[in-house]
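Notes to accompany the following structure.
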Amino acid sequence: MDYLDGLNQAQREAVEHTEGPTMVLAGAGSGKTRVLTYRIAHIINKGGSPFNILALTFTNKAAREMKERIGKIVGESNAKSIWMGTFHSVFARILRTEAEKIGYPANFTIYDSDDSKRLLKEIIKSQGLDDKVYKPSLVSNRISAAKNNLLTPQAYQQNLTLAKEDQQSKKPMIGKIYEIYDKRLFKAGAMDFDDLLFKTNILLRDFPEVLNKYQDKFRYLLVDEYQDTNFSQYIIIRALAAKFENICVVGDDAQSIYSFRGANIQNILNFKNDYPDVATFKLEQNYRSTKNIVKAANSLIEKNKEQLKKDVWTDNDEGHRIKLMRAITDNEEGGHVANTIFQVKNNEQAHHKDFAILYRTNAQSRAMEDAMRKLNLPYQIYGGLSFYQRKEIKDLLAYFRLVVNPQDDDAIKRIINYPARGIGKTSMDRLILFSNENDIPLWQVLCNINQYPVQIGNAAKNKIVGFVEMVQSFIAIAEKKDAYETGQLIASTTTILKELYADKSVEGLGRYENVQELLNSMKEFVEDADQSQGIPKLADYILDIPLLTDQDEKDKEDSDKVTLMTIHASKGLEFPYVFVVGMEEELFPSQHASQSQTELEEERRLFYVAITRAEKQCYLTYSESRYKWGNLTYSQPSRFLQEIDEQFLDLSGAAAVTSKTPNHRFPDPGSNWGGNQTRRPSSAGTSTTGTVKPTTPPSRFKPTSRLNASNKGGSSTGGAPSNLAAGMRVEHGRFGNGTVLGIEGVGENKKAIIEFDGAGKKQLLLRFAKLKVT
DNA sequence: GGTGTGTAGGTTTTT
DNA sequence: CCTACACACC
């Protein structure tokens, strides 16, 4: 048990206290995963059976890594026997075993959010509702929230608060949509993500013998990232833990960032109420970051009101201050980041994989990617569209889904006419209508198309028969052959492979390669499978694919690449050098969040997470303008930049950070965001994009001095003339000549709408735009 | 009835 | 900028 020696006092106590309710409050970088790992190993070393342990992690990757580490202490076979994974994957597995009890096939399909939105959209339209009012994504969020709070469609419709909210937002039919949606899912033998938790709750509530079985089985419960659990997850845990109360939750309220997904920070704040005799351990020593980073993060997070008292500290070096960098455009921002990486990598002999670029929204990755490519820096981008969400992959998977679960209506709709085989929209509309009105699965309708009174031309009918026969042959094959053989057969028989191969465009080539990659992964799956359990079938391969994320797939540990990801995706990770980019109002904090205090606090926690990923050095960057939907918009530095105590910041790379509260301590406080720009974006001499060769990264970008110098020189109103009016001809450094169509807004928000001869219509804020009347 | 082209419209964050 | 839907043609 020498592993205990490597732990500090608090960590060790948390590890050794294996019985009874336990809460570990773990500050960022305080060795939380270590504690969890050793605690599980310790339970086994003390004679606990690995079969009796259930550990719920936030990602499957985290589970895999933890298992590996545990295996090194207690042996691989022990580690293998532990139930470990995300809530969704663990309970999907249980639901498959117990499916009939709640009326589902064991092969039930899991719908990802894309699938459920498609279904919702169809329902909304079939109800004669406007899908611009009832936006599928909005309705989906609403239903998701209901499910995560264990509200059935009936409960939803009877809930006065919800009814009132829906009335007020002029969407009174959401409850009804929810009801139909649920029926359709059931009919299709499908569950969405939230159902995996919801139905687990139903199962444990309605079948005491099942509850009892799993209570006995999971005698030791461990939940990682407890601050990000939602009500539905909370009730599952509470039910499973009720018998032995060997429940250990680990988390950090300061890192709760998933409330949009129903996560309830109260779960961790109230843990004491549920288990009064809980043993609480606080891990406060940070082993990850420098003093500067830890203190800067502390100074930020203390602005939040709602939190458990913690005092995170570190013995590590002082380190460097957090460096603030300013750019003129998002492309330049990318350039700065790429150049800095290039320099630091050379100066410090760092590897590419030591760097991470974190952003608030996936859309920001583009500018960063471009910049990385320009300097030939290898990078790996996580998140965004995952492999399995690509259209070509989803199409092929839809065939697989249909073969495994013919009830899956959505799969049929997706592929009945892909590749095009002459079964069009009109036919499908009629078939779907008939199927829904008579509550007959679509597949059954198709199989007996000649017996049902559906108005469809003979040509289409014949094609449907052909389709059905093809799918039936797949079903027969899938029962006998392995997943790879079946997959290969489907991909070629449907001519999907041929179609994609024929497309010789770059994108087409990519799609073809993706499908090949999917088939390769099926081959690997078959080869890796434990053949003693029987032939690894298609069903075994596809069932839980929707639960896989990007990160679960391609983690080539050895690949030396810069990491690009959202801050959300970076949770739990650490990097020597971290760039948090896009530190701008409306972006971070997101425009959505600046309204309410709770949302703002969550954004602040998100920023806290971002900073605390860094081990040695953290950089914060912002840009004064960025392209949104193809046109330039202007932005202000994030308010969060001013919430970090100045003594931990290095402002030499940033110009004045102005704010709505003018009297603060950044240098050059009065600097003219009010319209004294003497430079225009395109003439930014420091811009590196496209001009700098990898061999000569400039060490010269210092917007501050340049801007200040020019500001001091020109006290004029450098920007647009105040008498600008519609009809005037103007010249803009970037967009060329144009005609003013109108002026809008007042004061600092005054903007001109200008039709540029070459660049089209633009809205430019006068305080930024350098316009010359011609 | 199916297939191809224009133009609206859309960006948090994810299992 | 990119994707999804609506309209006009075959």
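Computed from a prediction, not measured in an experiment: that's the story for all the values here. By convention in this document, chain letters (A, B, ...) are assigned in the order of the sequence lines, proteins followed by strands, and residues within each chain are numbered from 1.
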Once you apply a heavy-atom cut-off of 4.0 Å, does [X] come out as touching a base, just sugar-phosphate, or nothing?
X: A:I423; answer: sugar-phosphate
X: A:F588; answer: nothing
X: A:R118; answer: nothing
X: A:D194; answer: nothing
X: A:A460; answer: nothing
X: A:K135; answer: sugar-phosphate

**Item:** Cationic N near anionic O, under 4.0 Å, A:R261 to A:D228
**Value:** no
Is the phosphate of [N] approached by [X] (side-chain N or O, under 4.0 Å from OP1 or OP2)?
X: A:T566; N: B:dT14; value: yes
X: A:N631; N: C:dC1; value: no
X: A:T426; N: B:dG1; value: yes
X: A:N230; N: B:dT15; value: no

**Main-chain N/O of A:L431 paired with A:S435 side-chain donor or acceptor, under 3.5 Å** = no
**Request:** Give a yes or no answer on whether the side chain of A:K303 reaches the backbone of A:E643 with a donor-acceptor pair at less than 3.5 Å.
**Result:** yes
Whole angstrom value for the distance that separates [atom2] of [N] from [atom1] of [X]:
X: A:Q255; N: B:dT13; atom1: CD; atom2: C1'; result: 16 Å
X: A:I257; N: B:dT14; atom1: CD1; atom2: P; result: 9 Å
X: A:E225; N: B:dT14; atom1: CD; atom2: P; result: 15 Å
X: A:Y418; N: B:dG2; atom1: OH; atom2: P; result: 18 Å

**Fill in**
Walking DNA chain B from its 5' end, the first of A:F87 and A:G457 to be reached, judged by nearest nucleotide, is A:G457
**Asked** Between A:N417 and A:F58, which has a closest nucleotide on DNA chain B that is more 5'?
**Response** A:N417
Choose from [options] the nucleotide whose nearest atom is closest to any side-chain atom of [X].
X: A:R366; options: B:dT13, B:dT14, C:dC1; answer: C:dC1
X: A:S427; options: B:dG2, B:dT3, B:dT15; answer: B:dG2
X: A:H88; options: B:dT13, B:dT12, B:dT15; answer: B:dT15
X: A:R360; options: B:dT15, B:dT14, B:dT12; answer: B:dT12
X: A:R261; options: B:dT13, B:dT15, B:dT3; answer: B:dT15

**Item:** Residues forming a salt bridge (charged side-chain N to carboxylate O under 4.0 Å, His left out) with A:R414, sequence neighbours excluded
**Value:** A:D114, A:D395
Could you write out each protein N or O paired with an N or O of nucleotides 4-10 of chain C at a distance under 3.5 Å?
from: C:dC5; atom 1: OP1; to: A:K121; atom 2: NZ; distance (Å): 2.6

**Request:** Answer yes if the side chains of A:S116 and A:D192 hold a donor-acceptor pair under 3.5 Å, and no otherwise.
**Result:** no
**Request:** Flag as yes if A:H592 stacks onto the base of B:dT12 (centroids under 5.5 Å, planes under 30°), otherwise no.
**Result:** yes
**Message:** Quick check, does A:F260 stack with B:dT14? I mean ring centres under 5.5 Å and planes off by under 30°.
**Reply:** no
**Item:** Parallel, tilted or perpendicular, as decided by the 30° and 60° cut-offs, for the rings of A:Y258 and A:F58
**Value:** tilted
**Asked** Relative to the ring of A:F108, is the ring of A:Y104 parallel (under 30°), tilted (30 to 60°) or perpendicular (over 60°)?
**Response** perpendicular
**Asked** Considering residues, nucleotides and ligands other than A:R96, do more than 12 of their heavy atoms fall under 6.0 Å from its CZ?
**Response** yes
**Rounded P spacing from C:dA4 to B:dT13 in Å** = 16 Å
